Structure formats: C-alpha cells, structure tokens
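Because the structure is a prediction, the values reported are computed rather than measured. Residue numbers start from 1 in every chain, and the chains themselves are labelled A, B, ... in the order their sequence lines are given, proteins ahead of strands.
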Protein chains: 2
Amino acid sequence: MNSLANISEPSAPASGCCAPDVLSRGLFALAHPARIEILRYLSGVDYCCCKDVVCRLRLAQSTVSQHLKILLEAGLVRMSPQGQRSRYAVDSKALLALSEAVGGLLDPCAARADENGKEI
Amino acid sequence: MNSLANISEPSAPASGCCAPDVLSRGLFALAHPARIEILRYLSGVDYCCCKDVVCRLRLAQSTVSQHLKILLEAGLVRMSPQGQRSRYAVDSKALLALSEAVGGLLDPCAARADENGKEI
DNA sequence: CCTATTCATCGTATATCGACGATGAACGAT
DNA sequence: ATCGTTCATCGTCGATATACGATGAATAGG
C-alpha cells in the first residue's frame with residue numbers, strides 16, 4: 001500500500017547518497033520556520049531549556065515542546081533532564097551529516113544536469 | 001513568487017543565513033522520498049515527461065503530476081509544454097542555491113555548537 | 001509539607017499532505 | 001474527423017501537521 005517502500009534502491013549506491021526516505025526524514029524536521037529558528041537559537045547559546053525557546057519564539061509552551069520533540073526524534077538535537085528543566089543542545093555531528101547529505105544529493109544532481117546541457 | 005532566488009542572498013544578514021520561512025519552503029519540497037527520487041531521476045536523463053516519471057515511480061499519474069507541481073513551484077524544476085507532453089528538467093542553479101542555503105544554515109550552527117563545547 | 005515552576009503529554013480543532021480515480025483539454029496520428 | 005495518448009486539475013478520503021489550552025508529574029525552594 002505504501003508504495004514509498006519501493007522508491008529507494010535496494011542497496012545503497014556507492015555514491016555516498018543515502019536513501020531518499022532517510023534523508024527526507026531529516027529534511028522534514030528542518031522544513032519548518034519555527035524549527036529552523038530553534039536550531040539557530042540552540043546553537044548560539046550555551047544551553048537552554050524549553051522555556052527559553054518559548055520566550056524567544058512567542059509560541060505556546062506545548063507547541064515548542066512538540067517542535068523540540070520533532071527535532072529530537074530526527075536526531076538533530078539532544079536533550080537531558082536537568083532538574084525540573086530539560087537541557088537542550090544541537091547535535092553538531094548530526095547537523096553536519098545532514099548538511100553533507102543534502103549537498104551529496106543536490107550537488108551531483110546539479111552537476112549532472114549541467115553536463116547534460118539540459119535547456120528547456 | 002519564485003522564492004529560490006532569495007534563498008542565498010548575496011547581502012544576507014550578518015549571520016549569513018536567510019529567512020527561515022524562505023528556506024523552509026525549499027526544504028519542504030525536498031522533504032519527500034518521491035520528490036527526492038524525481039529530482040535524482042530528472043537530473044540523470046536528458047529530458048523527460050510526466051509519464052516517464054510515472055513509469056519509474058509506480059505512482060498514479062495524478063500523484064506524480066502533483067509532486068512535479070510542488071517541485072515546480074519551489075523552483076527546483078522547470079517545465080515547458082512540448083506538444084502533448086511536458087518537458088521537465090531540474091533547475092541546477094536552484095539546486096545549488098538550496099544546497100548552499102542548507103549548508104549556510106547547518107554548518108555555522110554545528111560550528112558554533114562545537115566552539116561552545118556544549119555537552120549534554 | 002506546601003507552593004511555584006517547568007515540562008511532557010493529552011485532547012481537540014483546523015489545515016494541509018498524499019494518494020487515488022475521474023474528467024476534460026491539448027495534441028499527434030490515422 | 002476521429003481516436004489514442006499525455007497531462008493538469010478536480011473532488012475525495014484518510015492520515016498527519018500544527019497550533020492551542022488543560023492537566024499532571026517532577027523538582028526546587030520556602
């Protein structure tokens with residue numbers, strides 16, 4: 001039923017690109033203005049808790065908590081309980097990995113398109 | 001309307017990143033396995049029409065047409081009517097711009113996080 | 001112990017996504 | 001002129017996203 005299972009190649013190509021569904025999961029976490037803003041904010045402060053983000057984003061606390069959860073489940077952010085607070089920080093390795101994955105997808109696509117001299 | 005031109009602004013704010021909602025619009029178009037696969041396919045062939053993609057992806061023609069429209073409106077793909085067909089091709093400049101925008105967002109975030117020595 | 005703070009989760013409402021089939025328009029071919 | 005192909009769009013349906021308030025758990029501090 002979910003035909004998406006057939007989209008990605010059975011065996012990962014040697015090109016270093018990852019399966020589309022793996023990549024798209026990370027991209028989805030990034031594809032929201034609030035979450036982009038949260039990532040930027042998180043990377044700029046020493047550490048922060050949920051309430052800090054709430055004050056910054058002017059969103060309800062429950063909404064921010066949801067966004068943080070999405071980033072958390074995507075692996076872009078890490079968290080540890082700290083007393084009554086929760087200590088959030090970005091996962092820099094994951095960010096770099098996602099950045100490289102996007103580049104590894106888009107750059108070859110652009111290059112191939114150019115070398116084929118495609119014009120419309 | 002075509003927001004991709006603004007993704008990597010030459011005179012971006014001091015941070016070097018662009019507005020979150022501009023970037024997130026481009027990311028959303030990319031955040032689906034089928035659309036990633038379409039992009040890869042489009043970049044690998046000389047040109048193609050909607051039906052080619054349909055045969056490749058095993059999705060209904062209307063579904064593929066929708067995905068192509070999303071990629072089109074995001075500016076990642078260009079199209080020109082060609083007889084009864086539609087000729088699709090990736091916009092390599094837009095892909096590169098998006099790739100750089102993502103790197104311009106994620107890489108500084110990761111760098112700042114590292115230099116702050118954040119550990120959880 | 002009691003209170004205030006912080007946070008995650010639940011429930012809900014609305015909007016959008018993602019898939020499909022059906023349909024009509026545009027075009028090429030016969 | 002007619003038929004077949006290709007495509008975009010419409011309507012629909014179920015699933016999910018996104019926002020919020022309410023609630024309860026956990027903790028710090030008085």
Side-chain angles (χ1 to χ4, degrees), chain A residues 1-8 20-21 23-39 41-42 45-74 76-89 120, chain B residues 3 20-21 23-39 41-42 45 47-74 76-89 120:
Chain A
M1 31 135 343
N2 190 351
S3 47
L4 291 183
N6 300 329
I7 286 186
S8 54
D21 55 335
L23 180 52
S24 63
R25 228 170 301 166
L27 285 172
F28 172 77
L30 210 59
H32 192 283
R35 294 195 286 269
I36 290 180
E37 198 58 31
I38 290 176
L39 268 192
Y41 177 60
L42 274 184
V45 297
D46 228 18
Y47 63 91
C48 85
C49 61
C50 180
K51 201 206 174 205
D52 297 335
V53 184
V54 171
C55 293
R56 167 138 180 130
L57 289 204
R58 305 292 192 84
L59 289 173
Q61 179 265 327
S62 56
T63 304
V64 171
S65 193
Q66 275 187 338
H67 282 308
L68 284 170
K69 189 181 180 184
I70 290 174
L71 289 168
L72 207 54
E73 288 173 343
L76 303 181
V77 154
R78 281 172 299 148
M79 184 268 277
S80 71
Q82 182 100 352
Q84 68 194 128
R85 316 216 168 175
S86 291
R87 190 168 183 141
Y88 286 95
I120 290 203
Chain B
S3 48
D21 57 333
L23 179 52
S24 63
R25 228 170 302 166
L27 284 172
F28 173 78
L30 209 59
H32 192 283
R35 293 194 287 268
I36 290 179
E37 197 59 27
I38 290 176
L39 268 192
Y41 177 60
L42 274 184
V45 297
Y47 63 91
C48 84
C49 61
C50 180
K51 200 204 176 209
D52 297 334
V53 184
V54 170
C55 294
R56 165 132 180 138
L57 290 203
R58 306 292 193 82
L59 289 174
Q61 179 266 326
S62 55
T63 305
V64 171
S65 194
Q66 276 187 336
H67 283 307
L68 285 170
K69 189 181 181 186
I70 290 174
L71 289 169
L72 208 53
E73 289 173 343
L76 302 181
V77 154
R78 281 173 299 148
M79 183 269 277
S80 71
Q82 181 102 350
Q84 69 195 127
R85 317 215 168 174
S86 293
R87 190 166 181 143
Y88 286 95
I120 290 203

Can you find an N or O donor on one side and an acceptor on the other, under 3.5 Å apart, linking the side chain of A:Gln84 with the base of D:dT27?
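Result: at least one qualifying N/O pair found.
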Distance, rounded to the nearest Å, where [X] contributes [atom1] and [N] contributes [atom2]:
| X | N | atom1 | atom2 | value |
| --- | --- | --- | --- | --- |
| B:Ile38 | D:dC7 | CD1 | P | 13 Å |
| B:Arg87 | D:dT6 | CZ | P | 16 Å |
| B:Leu71 | D:dA8 | CG | C1' | 16 Å |
| B:Tyr47 | D:dT6 | OH | C1' | 14 Å |
| A:Leu72 | C:dC7 | CG | P | 14 Å |
| A:Phe28 | D:dT16 | CZ | C1' | 8 Å |
| B:Gln66 | D:dT9 | CD | P | 10 Å |
| A:Tyr88 | C:dC7 | OH | P | 8 Å |

Would you kindly compare B:Val54 and A:Leu59 by the position of their nearest DNA chain D nucleotide and give the one closer to the 5′ end?
B:Val54
Phosphate oxygens OP1/OP2 of [N]: is one of them under 4.0 Å from a side-chain N or O of [X]?
| X | N | value |
| --- | --- | --- |
| B:His67 | C:dA19 | yes |
| A:Arg85 | C:dT6 | yes |
| B:Thr63 | C:dC20 | yes |
| A:His32 | D:dA19 | yes |
| B:Ser65 | D:dC7 | no |

Categorize A:Ser62 for me: base, sugar-phosphate, or nothing, with a 4.0 angstrom heavy-atom threshold over every strand shown.
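It contacts base atoms.
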Backbone N/O of A:Leu30 and side chain of A:Arg35: donor-acceptor pair under 3.5 Å
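A pair under 3.5 Å: no.
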Strictly distance-based, threshold 3.5 Å: is any side-chain N or O of B:Arg78 a donor or acceptor partner for the main-chain N or O of B:Arg87?
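No, because the side chain of B:Arg78 does not come within donor-acceptor range (under 3.5 Å) of the backbone of B:Arg87.
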Mind listing the closest non-hydrogen atom pair of A:Ala31 and B:Ser24 along with its distance?
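Heavy atoms only, the tightest pair is C-CB, 3.8 Å.
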Salt bridge A:Glu73-A:Arg25, side-chain N to carboxylate O under 4.0 Å:
no
Should the pair A:Arg85 and A:Tyr47 be classed as cation-pi, given the thresholds of under 6.0 Å to the six-membered ring centre and 45° from the axis?
no
Side chain of B:Gln61 - closest among D:dA8, D:dT9, C:dC17
D:dA8
From the set D:dT6, D:dT18, C:dG18, return the single nucleotide nearest to any side-chain atom of A:Arg35.
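Comparing D:dT6, D:dT18, C:dG18 against the side chain of A:Arg35, the answer is D:dT18.
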Comparing A:Ser86 and B:Ala60 on DNA chain C - which has the more 5′ nearest nucleotide:
A:Ser86
